[in-house]
**Q** 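I have a structure here, written as structure tokens, and I will follow up with some questions on it.
Just so you know, ligand 1 is whichever comes first in the structure, and atom 1 is the first atom listed for that ligand.
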Amino acid sequence: MAGAETRTQRQLIAERIRDVPDFPKPGVVFKDITPLLADATAFAASVDELVAISPDGIDIVVGMEARGFIFGAPVALALGAGFVPVRKPGKLPGPTVQETFALEYGSETLAVHADAILPGARVLVIDDVLATGGTIAATAALVNRLGAELVHVSVLLELSFLEGRQRLAEAGIDAVSAVIATPPVDAV
Ligand SMILES: O=P(O)(O)OC[C@H]1O[C@H](OP(=O)(O)OP(=O)(O)O)[C@H](O)[C@@H]1O
Ligand SMILES: Nc1ncnc2[nH]cnc12
């Protein structure tokens with residue numbers, strides 16, 4: 001069970017994520033992290049908590065454009081790992097591998113430089129939100145295509161009702177941790 005300090009940090013993080021109904025399209029409740037990022041204590045707590053739920057022995061942290069960059073880069077520094085950006089199409093200058101997938105509110109393609117990660121490297125994937133799991137599943141496929149080892153996935157917020165964790169499990173991705181979940185993990 002989490003200690004009192006951890007619960008307080010997690011409560012602060014939850015309080016700083018704003019619900020925006022019907023964005024970017026009707027029926028979607030958008031989880032807006034900009035208030036959290038603007039609060040130095042909440043932002044630092046988010047990075048602390050992501051580091052705390054992530055394993056040691058990581059060579060590379062992979063973060064996905066754009067919000068995965070915000071958390072992935074400081075987590076990489078804290079773990080003493082390198083950072084590799086997974087980007088939207090047309091942004092990376094060198095040869096890439098790409099994956100296309102469905103999102104809660106559309107479809108997307110993600111790309112990574114073909115030589116960005118050495119075969120066998122131990123990879124941690126970091127993102128802000130796990131929703132349907134499409135982004136993480138596509139990123140995991142990219143990591144696999146480069147011959148690296150996906151060791152763990154850590155997210156700040158899991159939208160449990162969208163069952164992304166189940167989708168990832170069906171893709172063979174079981175090592176998934178979330179700092180907080182909606183509905184809260186301890187709400188039952
Ligand atoms: O689990 P999923 O259904 O795939 O959704 C989660 C993804 O959606 C958001 O990114 P978005 O594509 O909106 O891009 P952004 O980071 O550039 O805002 C979020 O940052 C995750 O990467
Ligand atoms: N509801 C949501 N809020 C914020 N980011 C998301 N990514 C996918 N679904 C999302």
**Q** Out of Asp127, Leu162, Leu103, Leu168, whose heavy atom is nearest to atom 21 (C) of ligand 1?
**A**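 Comparing heavy atoms across Asp127, Leu162, Leu103, Leu168, the nearest one to atom 21 (C) of ligand 1 lies in Asp127.
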**Q** Look at the side-chain heavy atoms of Ile, Leu, Val, Met, Phe, Trp and Tyr, link any pair under 4.5 Å apart, and say whether Leu77 and Val179 land in one connected group.
**A**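 No, no single cluster joins them.
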**Q** Ala66 versus ligand 1: do any nitrogen or oxygen atoms come within less than 3.5 Å of each other?
**A**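 Yes, since at least one N or O of Ala66 sits under 3.5 Å from an N or O of ligand 1.
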**Q** Please determine whether a side-chain nitrogen of the Lys or Arg among Asp19 and Lys31 lies less than 4.0 Å from a carboxylate oxygen of the Asp or Glu.
**A**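 Salt bridge flag = yes for Lys31 with Asp19.
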**Q** Where does Thr135 meet ligand 1, judged by heavy-atom distances below 4.0 Å: at the side chain, the backbone, both, or neither?
**A**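 For Thr135, the contact with ligand 1 is made by both the backbone and the side chain.
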**Q** Which residue from Leu156, Thr132, Leu110 reaches closest to atom 3 (O) of ligand 1 through any of its heavy atoms?
**A**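 Answer by nearest heavy atom: Thr132.
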**Q** Would one find more than 12 heavy atoms of other residues, nucleotides or ligands at under 6.0 Å from atom CG of Asp56?
**A**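 Atom CG in Asp56 is not crowded, with 12 or fewer foreign heavy atoms closer than 6.0 Å.
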**Q** For atom 13 (O) of ligand 1, what is the nearest protein heavy atom, given as residue, atom name and distance?
**A**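 For this ligand atom, the closest protein heavy atom is Tyr105 OH, 2.5 Å.
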**Q** Within the structure, is a non-hydrogen atom of Gly133 found at a distance of less than 4.0 Å from ligand 1?
**A**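 Yes; Gly133 lies near enough to ligand 1 that a heavy-atom distance drops under 4.0 Å.
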**Q** Please determine which of Val51, Asp59, Ile60, Ile126 meets the side-chain contact (heavy atoms from CB on, under 4.5 Å) test together with Leu79.
**A**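 When Val51, Asp59, Ile60, Ile126 are each tested with Leu79, the side-chain contact (heavy atoms from CB on, under 4.5 Å) holds only for Val51.
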**Q** Write out the residue and atom name of the closest protein heavy atom to atom 10 (O) of ligand 1, then the distance separating them to 0.1 Å.
**A**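 So the nearest neighbour among protein heavy atoms is Arg67 NH2, 3.5 Å.
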**Q** Which of these, Thr41, Thr34, Asp39, Asp32, sits in a side-chain hydrogen bond (donor to acceptor under 3.5 Å, both in side chains) with Arg16?
**A**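 That would be Asp39; it is the only one of Thr41, Thr34, Asp39, Asp32 passing the side-chain hydrogen bond (donor to acceptor under 3.5 Å, both in side chains) with Arg16.
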**Q** If you measure from atom 14 (O) of ligand 1 to every heavy atom of Lys88, Glu158, Arg167, Met64, which option wins on shortest distance?
**A**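 Looking at heavy atoms only, Lys88 sits closest to atom 14 (O) of ligand 1.
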**Q** Any ion pair linking Lys91 and Glu65 (charged N to carboxylate O, less than 4.0 Å)?
**A**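 Result for this pair is no, no salt bridge flagged.
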**Q** Write out the residue and atom name of the closest protein heavy atom to atom 6 (C) of ligand 1, then the distance separating them to 0.1 Å.
**A**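 Checking every protein heavy atom, the shortest distance to atom 6 (C) of ligand 1 gives Val129 O, 3.4 Å.
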**Q** Counting only heavy atoms closer than 4.0 Å, does ligand 2 sit against the backbone of Val29, its side chain, both, or neither?
**A**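 For Val29, the contact with ligand 2 is made by the backbone alone.
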**Q** Could you check atom 3 (N) of ligand 2 against the protein and tell me its nearest heavy-atom contact, residue, atom and distance included?
**A**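 Heavy-atom neighbour on the protein nearest atom 3 (N) of ligand 2: Lys31 N, 2.8 Å.
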**Q** Is the backbone N or O of Pro55 less than 3.5 Å from a side-chain atom of His152, with the two atoms forming a donor-acceptor pair by type?
**A**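 Looks like no, no N/O pair under 3.5 Å.
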**Q** Do any heavy atoms of Glu108 fall under 4.0 Å from ligand 1?
**A**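 The answer is no, since Glu108 has no heavy atom less than 4.0 Å from ligand 1.
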**Q** Do any N/O atoms on Ala131 end up under 3.5 angstrom from N/O atoms on ligand 1?
**A**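 N/O-N/O distance below 3.5 Å exists for this pair.
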